[in-house]
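In what follows, every chain begins at residue 1, and chains take the letters A, B, ... in the order their sequences are listed.
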2 protein chains.
Amino acid sequence: MEEDFLIEMDYAGLTARLKRLSDAFVYSTKEFYKSIDLDIEPNWHMIFLILQKNERMTVMEIAEALRLSHPAIVKLINKMKKHGYIKSEIDASDARKYQLRLSEKALEKLPQLEKYWAAGNESVAEIMNHNREILKQLEMLEENITKEDFKQRTERILKTNKP
Amino acid sequence: MEEDFLIEMDYAGLTARLKRLSDAFVYSTKEFYKSIDLDIEPNWHMIFLILQKNERMTVMEIAEALRLSHPAIVKLINKMKKHGYIKSEIDASDARKYQLRLSEKALEKLPQLEKYWAAGNESVAEIMNHNREILKQLEMLEENITKEDFKQRTERILKTNKP
DNA sequence: TATATTTGCGTAACGGGTTACTTAAAAATT
DNA sequence: AATTTTTAAGTAACCCGTTACGCAAATATA
């Protein structure tokens, strides 16, 4: 098989490789769920887990905890509601907020889901060769990109190289 | 600042973190291009580079070299054509194929782009702490997931754990 | 040579996420 | 108390990639 051009691109290929690898997991997980007739999407996992930990949360609280934009959460939540996994009620003290929680259906399904998630985690561990290094590396990049993002760094570098 | 729940999820958070980090690069790059009035998308970079290396390629050749689906390439190419960066001509010996190449406009713009890409690569190197470990780790995961994907592994693990 | 299979690529329908904008409620200021 | 500012969420418009399908051209097989 010919070479992988994204790898050949070296630094310039990093972004696309992160996405490509993420997609490989997502679509394979999707097919797995489909094969066992599970009516859920791969990334609902994080919502299940965070609402299991916190019981009730608002859209903004979830968005901040996951470091995603709020529209991303709104979309997820709406789909999960449509499938009956999430219930929401207006916050008593702030009419702008909705308190979200897992539905009874979701809670009933959790034990079964947890069985699959456990196996999935084991798969991930295998793919990582039972080595946590990739997680450490990601944490480092996440930290660095939070300190100063790609745009800021590139502008600084261009300015410094100029004269 | 509260903890990052995706990190707290450990193995189960890997997929979403890969995507989130990729997006951080993509959207920051987009803003950078916008700020300097560059009329290109971040992921056109890979197309520019591969067509610089190979001169003429078909959709399928590009898709295979980048390990992406062909519809992904078709979309990219169509946009680049619309912006005048790609020219295509029917293959003389096979009427199904189109030979794609960079347009004159693209070639003229390359020197300028390369200046920005060089600075961008330096930014990536910084964000990686000038350490290639993340690239090695990605290569390992890519290799492992190609050998046996997430679904197959999970099914095997479930089967093994059953009895 | 006629028929069947494979291959290239374009499209549709999804799912993911982002930024920009809007509206209404809450909070802060004057 | 009235007005301004901030905050929570929803929506629209985009970009990204995938799988499923369809169709025509090329290749293989009968």
Side-chain angles (χ1 to χ4, degrees), chain A residues 6 15-31 33-35 39-47 57-64 66-83 88 90-100 149 151, chain B residues 6 15-31 33-35 39-47 57-64 66-83 88 90-100 149 151:
Chain A
L6 251 29
T15 304
R17 285 170 73 188
L18 292 168
K19 167 80 159 101
R20 186 177 63 177
L21 184 56
S22 173
D23 278 339
F25 278 107
V26 169
Y27 289 100
S28 196
T29 305
K30 251 177 141 99
E31 285 194 17
Y33 286 161
K34 195 169 146 191
S35 75
D39 182 33
I40 65 173
E41 293 294 332
N43 64 340
W44 296 2
H45 191 173
M46 58 192 185
I47 304 293
M57 293 182 85
T58 65
V59 168
M60 287 308 295
E61 284 167 356
I62 296 177
E64 280 158 23
L66 299 179
R67 311 277 199 272
L68 294 175
S69 70
H70 81 270
I73 308 303
V74 169
K75 283 190 205 174
L76 270 175
I77 294 296
N78 282 341
K79 270 178 210 153
M80 291 182 74
K81 274 186 188 167
K82 211 164 290 169
H83 286 255
S88 73
I90 314 112
D91 185 301
S93 64
D94 187 335
R96 292 168 307 179
K97 297 180 184 172
Y98 283 82
Q99 291 295 335
L100 307 169
D149 72 20
K151 174 171 182 272
Chain B
L6 251 29
T15 305
R17 284 169 73 188
L18 292 168
K19 166 79 159 103
R20 186 178 62 177
L21 184 55
S22 174
D23 279 339
F25 277 107
V26 170
Y27 288 101
S28 195
T29 305
K30 250 179 143 94
E31 284 194 17
Y33 286 161
K34 194 168 145 193
S35 75
D39 184 33
I40 65 174
E41 293 294 331
N43 64 339
W44 295 2
H45 191 172
M46 56 192 187
I47 304 294
M57 296 182 84
T58 66
V59 168
M60 288 307 296
E61 285 168 355
I62 295 177
E64 280 157 23
L66 300 179
R67 311 278 199 274
L68 294 175
S69 69
H70 81 270
I73 308 303
V74 170
K75 284 189 206 174
L76 270 176
I77 295 295
N78 283 341
K79 268 176 212 155
M80 290 182 74
K81 274 185 187 165
K82 211 163 293 170
H83 287 255
S88 73
I90 313 112
D91 186 301
S93 63
D94 188 335
R96 293 169 306 178
K97 298 179 184 172
Y98 283 83
Q99 293 293 335
L100 306 169
D149 72 21
K151 173 170 181 274

At under 4.0 Å between heavy atoms, what does [X] touch on the DNA or RNA strands: base, sugar-phosphate, or nothing?
X	result
A:T58	sugar-phosphate
B:M46	sugar-phosphate
A:A95	sugar-phosphate

Mind calculating the distance between [atom1] ([X]) and [atom2] ([N]) to the nearest angstrom?
X	N	atom1	atom2	result
B:I90	C:dC9	CD1	P	12 Å
A:W44	C:dG15	CH2	P	9 Å
A:E31	D:dT19	CD	C1'	8 Å
B:H45	D:dC16	NE2	P	15 Å
B:K97	D:dA26	NZ	P	10 Å
A:Y27	D:dT18	OH	P	7 Å
A:F25	D:dC16	CZ	P	23 Å
A:L66	C:dT18	CG	C1'	15 Å

Report the distance from atom CG of B:L6 to atom CE of A:M46, rounding to the nearest 0.5 Å.
->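 Atom-to-atom, B:L6:CG and A:M46:CE are 6.5 Å apart.
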What is the distance from atom NE2 of A:H70 to atom CD of A:E61, rounded to the nearest 0.5 Å?
->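 Rounded to the nearest 0.5 Å, the NE2-CD separation comes out at 14.5 Å.
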Among residues 73-82 of chain A, which residues get a heavy atom nearer than 4.0 Å to DNA chain D?
->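 Within residues 73-82 of chain A, the residues near DNA chain D are A:V74, A:K75.
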Looking only at side-chain atoms of A:P71, point me to the closest of C:dG17, D:dA20, D:dA12.
->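 Of the candidates, D:dA12 comes closest.
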Of the candidate nucleotides D:dA26, C:dA25, D:dC16, which contains the atom at the shortest distance from the side chain of B:D94?
->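 Nucleotide nearest to B:D94's side chain: D:dA26.
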What residues form a ring pair (Phe, Tyr, Trp, His ring centres under 6.0 Å) with A:H45, not counting sequence neighbours?
->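 Ring pair (Phe, Tyr, Trp, His ring centres under 6.0 Å) check on A:H45 returns A:W117.
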Any residue meeting salt bridge (Lys or Arg N to Asp or Glu O under 4.0 Å) with [X], in chain and number order, not counting sequence neighbours:
X	value
A:D23	A:K19
B:K151	B:E155
B:R17	A:E142

Are any of A:S69's side-chain N or O atoms less than 4.0 Å away from OP1 or OP2 of C:dT18?
->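 True: A:S69 side-chain N/O within range (under 4.0 Å) of C:dT18 OP1/OP2.
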Verify the contact: side-chain N or O of B:K34 to OP1 or OP2 of C:dA20, cut-off strictly under 4.0 Å; return yes or no.
->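 Yes.
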Do B:Y98 side-chain and C:dG8 base share a donor-acceptor contact under 3.5 Å?
->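 Answer no: no donor N or O sits under 3.5 Å from an acceptor.
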Any donor-acceptor pair under 3.5 Å joining the side chain of A:H70 to the base of D:dG10?
->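 Donor-acceptor pair under 3.5 Å: yes.
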Nearest nucleotide by nearest heavy atom, which residue falls closer to the 5' end of DNA chain D, B:N43 or A:Q99?
->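 Counting from the 5' end, the first nearest nucleotide belongs to A:Q99.
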Applying side-chain hydrogen bond (donor to acceptor under 3.5 Å, both in side chains), name anything that partners A:S88, two or more places apart in sequence or on another chain.
->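 For A:S88 the side-chain hydrogen bond (donor to acceptor under 3.5 Å, both in side chains) partners, ignoring immediate neighbours, are A:K81.
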For B:A24, which residues count as a side chain to side chain contact (heavy atoms under 4.5 Å, CB included) partner, sequence neighbours excluded?
->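 Scan of B:A24 (side chain to side chain contact (heavy atoms under 4.5 Å, CB included), adjacent residues dropped) gives A:I145.
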Quick one: side chain to side chain contact (heavy atoms under 4.5 Å, CB included) partners of B:P42, sequence neighbours excluded?
->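 Listed in chain order: B:V26, B:T29, B:K30, B:Y33.
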Any donor-acceptor pair under 3.5 Å from A:R20 side chain to B:L66 backbone |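 Yes; at least one donor-acceptor contact below 3.5 Å.
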Indicate for each nucleotide in nucleotides 1-6 of chain D, in 5' to 3' sequence, whether protein heavy atoms under 4.0 Å reach the base (B), only the sugar-phosphate (S), or nothing (-).
-> ------
